[in-house]
Amino acid sequence: MVAAADATARARRELGAGFEGELIGPQDADYEKARALFNAMIDKRPAVIARCASRDAVAKAIGFGRSQDLPIAVRGGGHNGAGFGSVDDGLVVDLALLRSISVDPDTRTVRVGGGCTWAEVDAATHEHGLAVPTGIISTTGVGGLTLGGGIGHLTRACGLTIDNLLAADVVLADGQTVNASADENEELFWAVRGGGGNFGVVTDFTFRAHPVSDIVGGPTFWPVEQTGEVLAAYREYLPTLPHNVNGFFCWHTVPPGPPFPEEIHMRKVCGIVWCIVGTDEEAEQAMAPMLEVSEPLMHGVGRMPLPELNSAFDGVYAPGDQWYWRADFVNEIPDEAIARNHEWNEKTPSWKSGSHVYPIDGVAHDVAADETPWAFRDARWSHVIVGVDPDPGTAAALRDWTVGYWESVHPYSAGGAYVNFMMEEGQDRVKATYGHNYERLAKAKATYDPANVFRVNQNIEPAA
Ligand SMILES: Cc1cc2nc3c(=O)[nH]c(=O)nc-3n(C[C@H](O)[C@H](O)[C@H](O)COP(=O)(O)OP(=O)(O)OC[C@H]3O[C@@H](n4cnc5c(N)ncnc54)[C@H](O)[C@@H]3O)c2cc1C
């Protein structure tokens, strides 16, 4: 391996003046900014960051990294909890300059550069009254979220993000670019719909968009002490609702600022964040039984453009906080699990820490468990626990709370977890997550990346 200090100079020499993009090394003024990850708990110092402006630049950067025996990380939006968008002493293939978006309203499709964020996609599709299912924070990268699955406000109505992926242009480990779709390189297309960045660098995604423009959305909050009755009602009621109604369950501390009423600032709450694709009457009807369970502290639900809901929490979760993650897929939420969730959310280590239970049924259940790598198609919920705080001094407390909470509720889970909600938790956890699909993924890995060049991720080891 080349010494980290030499790598940038060597990259400049070998990739030459014709390299379409930027090369940034530890000596450069913008290195600190360029290497920073969304999760400030992860502090990696790459030897060289190659910001690639074209597919050709991606191929050349991969070739350079391999020739120098540098570990290679691929960076989309840089949001990954485990920090897989970067690597110590290695090469980061940074896609931030691949930002083109083109919407075709006639075919309801959108082609998106591999370095885009969801805010950009949302803005472009919304102009045409269309939407692609995304996550709940709009600064997240399209790349990592899509390749891992993609859960959000439209999951019940339109499926996971991977269920809406029509094609991907992939630069493989050997530098070749291939198109993966239902008609071409079918096995690669199967693998990238949930198998993460294991198979190559996606420079362009093509998605199906849906005619969704305005929605009825926002949070209903109850005091955390009412977790027992509210979650028990929610677990029974939500699955009976039509697919156009989404509502994820959450535990939070009410942020200390607008739009939240001052009298509930910093109150620990449980709640539901709604997203209903329908009329005001349909929305009221869908929410009414939950509002009757108990008087909420706040019912902040109204009609709004979908991008407004998709970015509503961006301000609370700006880049640079410390994050620790744990997650599980869940089939049932028995009373004992409710009690444990309640207990741990009474003692969050910071006001930004909390937990979400996302419904992953509805249209996401119409896809068979071997049609994509997402093995848990029968699971009803995806549970995530996050310890979050700006102060690096709280890192150990965030980790202890998150892991303690997870250990307490894990016995009630289905086994694996959503790959995008995990830290680096080892091979057993990755295998548990892909379940019966792991072997097929390992074979695809052996075909497309036999040397495991793309290993800075929830890694799938190539089949022998
Ligand atoms: C605040 C916050 C909110 C979130 N909310 C949601 C949510 O609502 N729903 C949800 O599903 N997830 C959510 N996530 C999780 C998110 O999906 C993952 O963090 C995801 O990995 C982020 O993708 P990224 O491109 O930003 O990350 P990166 O750190 O850049 O990349 C993550 C992984 O994907 C690979 N990768 C990224 N782009 C490409 C590409 N174009 N080609 C090949 N490999 C690539 C990287 O190599 C790396 O292994 C959230 C994360 C955060 C921090």
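Just follow the structure's listing: the first ligand is 1, and inside any ligand the first atom is 1.
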Qualifying residues under side chain to side chain donor-acceptor pair (under 3.5 Å), relative to Arg99, sequence neighbours excluded: Glu120
Identify, chain by chain and in numerical order, each protein residue with a heavy atom under 4.0 Å from an atom of ligand 1. Phe38, Val74, Arg75, Gly76, Gly77, Gly78, His79, Asn80, Phe84, Gly85, Leu95, Gly114, Gly135, Ile136, Ile137, Thr140, Gly141, Gly143, Gly144, Leu145, Leu147, Gly150, Ile151, Gly197, Gly200, Val201, Val202, Trp323, Trp325, Tyr418, Asn420, Phe421, Val456, Asn457
Salt bridge present between Arg55 and Asp204 (N-O < 4.0 angstrom): yes
Could you work out, with side chain to side chain donor-acceptor pair (under 3.5 Å) as the rule, every residue matching Trp274, not counting sequence neighbours? Thr220
Taking the inter-plane angle between the rings of Trp325 and Phe421 on a 0 to 90° scale, is it parallel (under 30°), tilted (30 to 60°) or perpendicular (over 60°)? parallel
The criterion is side chain to side chain donor-acceptor pair (under 3.5 Å); which residues satisfy it with Glu407, sequence neighbours excluded? none
Do the ring planes of Phe205 and Phe207 sit parallel (below 30°), tilted (30 to 60°) or perpendicular (above 60°)? parallel
